[in-house]
Visitor: 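Sharing a structure here in structure tokens format.
Hydrogens, waters and symmetry mates play no part in the numbers below; they use all other heavy atoms, side chains included. It should be emphasised that the depicted structure is a prediction, and the values quoted were computed from it without experimental measurement. Letters go in sequence order (proteins before strands), and every chain restarts at 1.
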4 protein chains.
Amino acid sequence: MDTATEPLESRIRASFARQSMLATLKATLDEVAEGRCVISAPLLPETRQQHGAGHAGATFTLVDTAAGYAALTLIPPGTEVMTAEMKINLLSPAIGDRLIATGEVVRAGRRLIVVRGEVVAEEAGRTRTIAIVQGTMIPVDPPAGA
Amino acid sequence: MDTATEPLESRIRASFARQSMLATLKATLDEVAEGRCVISAPLLPETRQQHGAGHAGATFTLVDTAAGYAALTLIPPGTEVMTAEMKINLLSPAIGDRLIATGEVVRAGRRLIVVRGEVVAEEAGRTRTIAIVQGTMIPVDPPAGA
Amino acid sequence: MDTATEPLESRIRASFARQSMLATLKATLDEVAEGRCVISAPLLPETRQQHGAGHAGATFTLVDTAAGYAALTLIPPGTEVMTAEMKINLLSPAIGDRLIATGEVVRAGRRLIVVRGEVVAEEAGRTRTIAIVQGTMIPVDPPAGA
Amino acid sequence: MDTATEPLESRIRASFARQSMLATLKATLDEVAEGRCVISAPLLPETRQQHGAGHAGATFTLVDTAAGYAALTLIPPGTEVMTAEMKINLLSPAIGDRLIATGEVVRAGRRLIVVRGEVVAEEAGRTRTIAIVQGTMIPVDPPAGA
């Protein structure tokens, strides 16, 4: 199927599946809606910092990716997005069973897509916000041959 | 040896070795100096984004960690640091053989340590800056029992 | 009245009145609630950029101040706050009659207060979001003699 | 003279002169070079925060403008720049006689120009860094009729 006509969620799932970093984090794509995407992952033994909490880099990866796919839902088919910049505030250590990252589009311009996101840690059914982000995605042509 | 009297580089190497996320990225601690730290890692097959470049999350992980250890060199022994916030601008795709992340302290206050950093990608002996960061570390007491 | 026992809104109004920068912008303090503050100002002839829109610096000033007072509502009386860092994304030019800046606390910790905010431009009764921010306030002791 | 052929510094001086916000701050354009711009201003009675230091909004205005003109030096004549986003870390209160803001281009791409900057406060001939920034400028067509 041509990428330009393939339904949005299928395109995003196919793109998600090509990201080996997300497989390394055992991340799953949990929700895709217009201007919104949710990705989650377990807190793995292999993505910890020195005190056993999840590494900020794993938290960043999840929410940056969720924000990127949120942006992708609002641009023309056949175009990709890239993170131009992202700012993360870490509110609490990443402790618990699972991290759930939500990305949302604040403003989708032709040249810049401004996004926000948050990450919650889930532990025994309770959640706690551990990070918030604000950043900018830009639409890019897919690499030649992709 | 007590952490408070252990030489700085040994303490940082021991802390680095406890971060499973860095082992997952096959990162190495290449340089520790006062207010400065260099960490590098190969561009691995398992940390890619959908077009085969390194994932922004891996780039972030390396430079956030380098900035954190740069901050750690300037605070009292027995204290740890945590990232309060970090802002990354991605300048070019992470393509090449190896990523080299440098973190440096701009201002070490009693309560906040302001840092900057950059990541270069090395390919066939040439380097290209792919990301810059600016952020804030805070000194924290080590977790009880650590 | 002692600053430590003076009601919150009175303290914030008194502080606001001491900021000559806000008088220069003809800003008004429109709302103070727990963890939230709204400040607005007309788009003045004397705070423009080169094409006649409001200068980003005026937009920043309003929302940084609103975020600071939002933080102040959640810390012990007698303590002040200072902006440690603030990140602004500008979404649209500041065009219209009036700018309305809202600051809100996302997480009030003992050492760091993480805030978000937005600025809307009002024109002929319609509003449009022109900027969003995410940043960090820190509690500080008032300067000696203050 | 046509803006597209007018020498760079003249164009920037003319643009600077149209920004009423900079006149309000009594700012001067002190240096323009390729990828670099320096702007300074006295610490005025009318741009203070509640304790008499310079307001963060004035500091932001100066360095945002310096970074914008630094970017402008590297784009085609006849094009303008706009701040897409800017992140400021405030290191010390703005105390002294004069603020000197320097903006520099880190990477000038076709669509995004990544910048850094700093502000120093000068007091009795000594300087102290009070703020650093990192952000993104975008080239834009001048408004119709400009």
Visitor: Which heavy atom of D/Leu43 sits nearest to which heavy atom of D/Gly54, and what is that distance?
Guide: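 Closest approach of D/Leu43 to D/Gly54, heavy atoms only: CD2-CA, 3.6 Å.
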
Visitor: Minimum heavy-atom separation for D/Gly103 to D/Ala70, with atom names?
Guide: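 Here D/Gly103 and D/Ala70 meet closest at O-CB, 3.4 Å.
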
Visitor: Which pair of heavy atoms, one from B/Phe16 and one from B/Tyr69, lies closest together, and at what distance?
Guide: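 Taking B/Phe16 first and B/Tyr69 second, the nearest heavy atoms are N-OH, 3.1 Å.
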
Visitor: Test side-chain contact (heavy atoms from CB on, under 4.5 Å) on B/Val140 and B/Ile138 and set out the steps.
Guide: CA-CA 6 Å; B/Val140 290; B/Ile138 52 169; 4.2 Å; yes

Visitor: Counting N and O atoms only, with roles assigned by atom type, does the side chain of D/Thr65 sit under 3.5 Å from a partner on the main chain of D/Thr61, one being a donor and the other an acceptor?
Guide: yes

Visitor: If you check every heavy atom in residues 28-39 of chain D against those of chain B, which residues fall under 4.5 Å?
Guide: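 None at all.
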
Visitor: Taking non-hydrogen atoms and a cut-off under 4.5 angstrom, which of residues 86-95 of chain D neighbour chain B?
Guide: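 Within residues 86-95 of chain D, the residues that come under 4.5 Å of chain B (heavy atoms only) are D/Lys87, D/Ile88, D/Asn89, D/Leu91, D/Ser92.
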
Visitor: Could you pull out all donor-acceptor pairs under 3.5 Å where a side-chain atom in residues 75-84 of chain D meets a protein atom, sequence neighbours excluded?
Guide:
| residue | atom | partner | partner atom | Å |
| --- | --- | --- | --- | --- |
| D/Thr79 | OG1 | D/Pro76 | O | 3.2 |
| D/Glu80 | OE1 | C/His51 | NE2 | 3.3 |
| D/Thr83 | OG1 | D/Asp64 | OD1 | 2.7 |

Visitor: Taking atom CG of D/Leu44 and atom NE2 of D/His55, what is their separation to the nearest 0.5 Å?
Guide: 14.0 Å

Visitor: So which bits of residues 107-134 of chain D come within less than 4.5 Å of chain B, counting non-hydrogen atoms only?
Guide: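 Answer by number: D/Arg107, D/Val114, D/Arg116, D/Gly117, D/Arg128, D/Thr129, D/Ile132, D/Val133, D/Gln134.
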
Visitor: Does any N or O in the side chain of D/Glu9 come within less than 3.5 Å of the main-chain N or O of D/Ile12, such that one atom is a donor and the other an acceptor?
Guide: no

Visitor: Just wondering, do B/Glu46 and B/Lys26 contact through their side chains at under 4.5 Å, heavy atoms?
Guide: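 When only atoms from C-beta onward are counted, B/Glu46 and B/Lys26 do touch, with a gap below 4.5 Å.
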
Visitor: Out of curiosity, D/Ser20 OG to D/Leu25 CG, how far, rounded to the nearest 0.5 Å?
Guide: 9.5 Å

Visitor: Can you measure from CG (B/Leu72) to CG (B/Leu74) and round to the nearest 0.5 angstrom?
Guide: 9.0 Å

Visitor: Looking at D/Ala66 and D/Ala101, what are the two nearest heavy atoms and their distance?
Guide: CB-O, 3.8 Å

